[in-house]
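So that the names make sense, note that chain A is the first sequence line, chain B the second, and so on, each numbered from 1.
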There are 2 protein chains.
Amino acid sequence: MTAERVPLSRARVLGAAVAIADRDGIAALTMRRLAQDLGVEAMSLYHHVANKEALLDGVIEVVMAEIAEAVGEPVVEDWQAAMRARVLTARQVFLRHPWAARVLETRTSISPGVIAYYDGVLAIFRAGGFSYDLAHRALHALGSRALGFSQELFDLSDPAADAEAEAMVQELAEHFPHLAAMVAEIAHDDPDSALGWCDHQAEFEFGLDLILSGLERLRAEG
Amino acid sequence: MTAERVPLSRARVLGAAVAIADRDGIAALTMRRLAQDLGVEAMSLYHHVANKEALLDGVIEVVMAEIAEAVGEPVVEDWQAAMRARVLTARQVFLRHPWAARVLETRTSISPGVIAYYDGVLAIFRAGGFSYDLAHRALHALGSRALGFSQELFDLSDPAADAEAEAMVQELAEHFPHLAAMVAEIAHDDPDSALGWCDHQAEFEFGLDLILSGLERLRAEG
DNA sequence: CCATCAGGCTTACGTCGTAAGGCTAATCTT
DNA sequence: AAGATTAGCCTTACGACGTAAGCCTGATGG
């Protein structure tokens, strides 16, 4: 009695793709590896996704669906609290799929899931009394932060960089005095924060609240 | 009299790489193509860059050097105006190299050029009276915006998407009422802005000023 | 004057996405 | 019921990519 052959389907393909990226990183997501995980040959995947780009599009849709489920319907009172909650909820999903932000940024066509998410954001702004014009600018001001992530261009708390950073501190201090002083002071203030010398979640929320309160001021001024 | 054979050098390699990315996009930048443009075989490049990742690191250093030259020394009075100028100057460089932001985001190691740039940003904050702690949070709040770019997750003014967007307006209105209404109103207000229905430069500056003025408020409060 | 070696070149490998087309079993048509 | 269609798998093969290994040549330096 052999295991019943579950037929392939778009949903199974996308699900397996997400699983690979979660477990082994986005670089491990190749057509051959994906096929292998599904007990199938690579070319069989093309009956369910047009090509690799379409696969990545689909994977993003899976993530966006996860977000949509998590955030639910937009709340229509206290826009600032509603936005904050929506964004931080979406962020949880991106923290579960660390590769997803980068993939999302490489999509060339507009994803329905992302559009739907932003429509919900707009609903909150409008219910909070924003003009379309201000809401529009608010969307741009938030950028990817509206979805719960922001690009970190360099991560001083990256453990991989620690050793080399340690050795670099001397010349760092010479060439980059302000940065060196800041790192020294902040590291001293917070010697063993749970998330390293700088807590990304706290920093993210700081930036988010800074923008939200700025927007509230503009809204109130009319 | 044959054309004098200019010997290869790291600088020539990186320069040619930037030229290819500028002209034909970052996807066209392959080792073979780069070698071809330099009148050389692909493997010869490896005498001047360790591998392709190192090539991309180097290319970013070229861009950051361009920025360093453009922004000059940090100005130490009127921090807000100084930051604004520094960021918008850096932005000009990224607008000349549209591929550079994406490449920068994929660097795994911290680039000295980027560090130097941020050190200048910190100098401005400090001269403006920021504590290290607030300056640190300010850096995170700005994120890549400090360098002059922000991730646009979908670009409604993308000409490539225009046709499909046009056809999509009907169902857009059904499923995404707020977004549809916003697009309709804003497009109507500004029927032929030079840069399409939404001017990225204006949106960028809006977001930047929103953050900068929020930071100024926090700084003034102490 | 000869040894070293920097800086080119040639060849070749393994991995990737995917084009072309074959086989089989389920489904649909008449 | 029987024949035609097709969905959904597989096999084979191609061209592009990054790059390992090693050859060749002309300048340099003891």
Checklist entry - Which part of the nucleic acid, if any, lies within contact of Ser44(A), taking any heavy atom under 4.0 Å across all strands shown: a base, the sugar-phosphate backbone alone, or nothing? => result base
Nearest whole angstrom, please: distance from the [atom2] of [N] to the [atom1] of [X].
{"X": "Leu38(B)", "N": "dG8(C)", "atom1": "CG", "atom2": "C1'", "value": "13 Å"}
{"X": "Arg32(B)", "N": "dT15(C)", "atom1": "CZ", "atom2": "C1'", "value": "12 Å"}
{"X": "Gln36(A)", "N": "dC10(D)", "atom1": "CD", "atom2": "C1'", "value": "16 Å"}
{"X": "Met31(A)", "N": "dC14(D)", "atom1": "CE", "atom2": "C1'", "value": "17 Å"}
{"X": "Leu45(A)", "N": "dA19(C)", "atom1": "CG", "atom2": "C1'", "value": "15 Å"}
{"X": "Glu41(B)", "N": "dG7(C)", "atom1": "CD", "atom2": "P", "value": "18 Å"}

Next on the checklist: Is it the case that the side chains of Glu185(B) and His136(A) hold a donor-acceptor pair, with the cut-off being a distance below 3.5 Å and no angle test?
Outcome noted: no
Item to check | Test log, rule side-chain contact (heavy atoms from CB on, under 4.5 Å), inputs Leu142(B) and Met83(B) | outcome: CA-CA 11 Å; Leu142(B) 283 166; Met83(B) 264 303 295; 3.8 Å; yes
Checklist entry - So, is His47(B) close to the dC9(C) phosphate, meaning a side-chain N or O under 4.0 Å from OP1 or OP2? => result no
Next on the checklist: Which is more 5' along DNA chain D, the nucleotide nearest Met43(B) or the one nearest Met43(A)? Just name the residue.
Outcome noted: Met43(A)
Item to check | Minimum side-chain heavy-atom gap Leu104(B)-Phe149(B) below 4.5 Å | outcome: yes
